[in-house]
Each structure stands twice: as C-alpha cells, then as structure tokens.
A.B. asks: 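Take a look at the following structure, please.
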There are 2 protein chains.
Amino acid sequence: MPQPDLLPGTLDLLVLKTISRGALHGYGIAQYLLQISDSVLQVGEGSLYPALQRLLVNGWAEAEWRQSETGRRARYYTITAAGKKRLAAEEEQFEKMVGAIHMVLRGRTV
Amino acid sequence: MPQPDLLPGTLDLLVLKTISRGALHGYGIAQYLLQISDSVLQVGEGSLYPALQRLLVNGWAEAEWRQSETGRRARYYTITAAGKKRLAAEEEQFEKMVGAIHMVLRGRTV
DNA sequence: CTGCATACATCGATACTCGATGTATCGCTT
DNA sequence: AAGCGATACATCGAGTATCGATGTATGCAG
C-alpha cells in the first residue's frame, strides 16, 4: 500500500466540481482529473462509478444517455441545483480541514 | 453524516507530526490537535487508539508507561527514526494530493 | 480482422472512521 | 466521605469508501 490514488472522502467533491464545468461522462471525468492534476489523481473505475451512483441517488447529479464525441454511447452527468449547494459545502469543509492540518504540520507551539 | 471529524487517511500523519514534537500520551495528542486546530480536528478515541496501535506495529512509534503531569498512569508515545521517514513521506504525499485537488477546484481549462 | 482506446458496470477484499461501551484514578466540591 | 467531572486507557461493531479484478461491448486504425 505505497500511496493512495486520492485522498479518501474527496472523490464526490472532485466529481461534482468537474461536472459543474459542463456535462461529462464517467470516462471523461477520469481523463479530466488525470490531465488537470498531472496524473496525481488516478481515480479507478471501481471508485468512480459507485461515486456517480451516489451523486444520482442523492439528487446532486442527473444522467442522460447520449452519443460521445467519439461516437460511442455514453452517460452524461449534469450537476443539479442541490449538487451545487453540496459542492459549495464540501469545498468549504475541505478547505477548513486542510487549513487545520496545515496548522499541525507547521507545528506552532500552542 | 453532516461533516467528518477529519479527512480520512490523514490521522497517522497528524499523530506522527504531533509526537515528533516530543513524547506525548494519547489523551494529550487529542487535546493538542483540538487546540492547535481551533476545534476543527476532533479525533475520537475510537479512531485514535487504533491509529496508535498501527504506529507501534509498523515501528513508527514506541510506547512507554509513565506518570502524566496530572499524576495518572499514561502511555507516552515517541517517534522512531522509521517514523520520521514515514512522516516526511506522508507529508509530501499529502501536499501533492492537496495541490492536485486545488488544481481541480480552481478549475483551469485544460 | 485484430488490437487498442473508449465506455459502461459490479464484486469482494481491505481499510478506516465513528459512536458506544467499559474500566479506573485523580482532585475538587459539597 | 460521597459524588462528579476530567483524565486516561482500550475494544467492538457498524457504516462507509477505496481499490483491484473482472466482465461486456463498440468504434477506429492498421
């Protein structure tokens, strides 16, 4: 178990943010995350598809079958209004956590 | 499930960093994290003690029974050389992840 | 017509956090 | 001296998430 492919608990955040830029299919989401992160965020399909299901179930995203740019059938995900609210909340929570962790790492004496 | 008490996967990092400042017992570690993070990092005992066990098993920390400042028996944890190496690695990995996630959140077009 | 990239999805194993529960002692207040 | 809150340890089961393996299918290039 050398290194995780991503920080646990942040996948929903990443996916929501990605589809907030425009409708996208699962494979495309994975590609986007890889590219923009310089191959740091390697989200496997076994993590991604369950995550997308979660978003649908919670009403944070909607799905629609369409034709992809390369001609294959693909499921495009769109963020909903509830999803945008959730995204904002998760983003804030994430920054709060990172800030707190940095306090520890910087190691000020209390 | 409103908000998690910490980012999953970062607890070992936090504990290692804390005891790298000097030997400390479990209860004290939780207190320290609370204080320095302004009550953001609320690590429960059910998370902390298993984490400490992990550190011992992996040889990243050593434990010794002593008397606490308040007079009770307490188990003081000290970071080992291997633990310091591990800490550095986890710290680097964490920053890499956070940097990558920020790329997504800032949402540059690729 | 073969292989690779695209595109979907599920499953079991593994790991981690979280809340509840339990024990015990110290020191302060009543 | 009895009671209570804070200190201090630890374990257990439930819930949740990630990961790797596996399976299906199609479009396109060579």
Side-chain angles (χ1 to χ4, degrees), chain A residues 1-16 19 23-35 40-58 61 63-77 90 93-94 97 101, chain B residues 1-16 19 23-35 40-58 61 63-77 90 93-94 97 101:
Chain A
M1 73 218 48
Q3 23 211 48
D5 294 337
L6 36 77
L7 272 187
T10 62
L11 182 52
D12 291 12
L13 169 64
L14 292 173
V15 172
L16 279 175
I19 63 174
L24 201 52
H25 50 82
Y27 195 84
I29 294 170
Q31 296 299 309
Y32 173 76
L33 291 177
L34 260 185
Q35 281 184 34
V40 172
L41 301 175
Q42 306 184 11
V43 40
E45 306 191 314
S47 308
L48 180 58
Y49 288 110
L52 289 169
Q53 293 300 324
R54 281 199 298 271
L55 300 188
L56 292 181
V57 167
N58 288 310
E64 182 195 2
W65 286 98
R66 280 201 247 157
Q67 208 75 10
S68 82
E69 299 106 30
T70 58
R72 282 170 221 78
R73 94 190 210 291
R75 207 170 180 195
Y76 279 78
Y77 294 86
E90 283 205 35
Q93 174 70 9
F94 174 76
M97 282 294 169
I101 293 173
Chain B
M1 75 218 52
Q3 22 212 47
D5 293 337
L6 36 76
L7 271 186
T10 61
L11 183 52
D12 289 13
L13 169 63
L14 292 172
V15 173
L16 280 175
I19 63 174
L24 201 52
H25 49 84
Y27 194 87
I29 294 171
Q31 296 298 310
Y32 173 77
L33 291 177
L34 259 186
Q35 280 185 34
V40 173
L41 301 175
Q42 307 185 10
V43 42
E45 306 191 312
S47 307
L48 181 58
Y49 288 110
L52 289 169
Q53 291 302 322
R54 283 199 296 273
L55 299 188
L56 291 181
V57 167
N58 288 311
E64 181 194 4
W65 287 99
R66 281 200 246 155
Q67 208 76 9
S68 82
E69 299 106 30
T70 57
R72 281 170 222 78
R73 92 192 211 290
R75 207 171 180 195
Y76 279 77
Y77 294 86
E90 283 205 34
Q93 173 69 9
F94 174 76
M97 283 293 168
I101 292 173

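Every chain is numbered from 1 and lettered A, B, ... according to where its sequence line falls, protein lines coming before strand lines. For the numbers below, each heavy atom of this structure counts, side chains included, while hydrogens, waters and symmetry mates do not. Just so it is clear, the structure is predicted and the values come from calculations on it, not from any experiment.
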A.B. asks: What integer distance in Å separates A:L34:CG from C:dT6:P?
C.D. replies: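 Interatomic distance, CG of A:L34 to P of C:dT6: 11 Å.
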
A.B. asks: How does each nucleotide of nucleotides 6-11 of chain D score, in 5' to 3' order, for protein heavy atoms under 4.0 Å: base (B), sugar-phosphate only (S), or none (-)?
C.D. replies: -BBBBB

A.B. asks: Test A:Q42 against A:L33 for side chain to side chain contact (heavy atoms under 4.5 Å, CB included), laying out the working first.
C.D. replies: CA-CA 7 Å; A:Q42 306 184 11; A:L33 291 177; over 6 Å; no

A.B. asks: Classify the nucleic acid contact of B:R54 as base, sugar-phosphate or nothing, counting any heavy atom under 4.0 Å across all strands shown.
C.D. replies: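 Sugar-phosphate, backbone atoms only, no base.
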
A.B. asks: So how far is it from A:E69 CD to A:H25 NE2, rounded to the nearest 0.5 Å?
C.D. replies: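 Going from CD on A:E69 over to NE2 on A:H25, the span is 5.0 Å.
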
A.B. asks: To the closest 0.5 Å, what do you measure between CG (B:L11) and CG (B:L6)?
C.D. replies: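 It is 6.0 Å, given to the nearest 0.5 Å.
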
A.B. asks: Using 0.5 Å steps for rounding, measure from the CG atom of B:L7 to the CZ atom of A:F94.
C.D. replies: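 It is 6.5 Å, given to the nearest 0.5 Å.
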
A.B. asks: If I take atom CZ from residue A:R54 and atom CG from residue A:D12, how far apart are they, to the nearest 0.5 angstrom?
C.D. replies: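 Answer rounded to 0.5 Å: 4.5 Å.
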
A.B. asks: When the distance from CG of B:L11 to P of D:dT16 is rounded to whole Å, what number comes out?
C.D. replies: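 Computing the B:L11:CG to D:dT16:P distance gives 20 Å.
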
A.B. asks: Report the residue (A:D5 or A:Q67) whose heavy-atom-nearest nucleotide on DNA chain D is the more 5′ of the two.
C.D. replies: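 The residue mapped nearer the 5' terminus is A:D5.
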
A.B. asks: Hey, could you give me the CG/CG distance between B:L56 and B:L52, rounded to the nearest 0.5 Å?
C.D. replies: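 The CG atom of B:L52 is 7.0 Å from CG of B:L56, to the nearest 0.5 Å.
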
A.B. asks: Separation of A:L41 atom CG from D:dC19 atom P, in whole Å?
C.D. replies: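 One finds 11 Å between P of D:dC19 and CG of A:L41, rounded.
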
A.B. asks: Between C:dT6 atom P and A:L48 atom CG, what is the distance in whole Å?
C.D. replies: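 Taking CG of A:L48 and P of C:dT6, I get 15 Å after rounding.
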
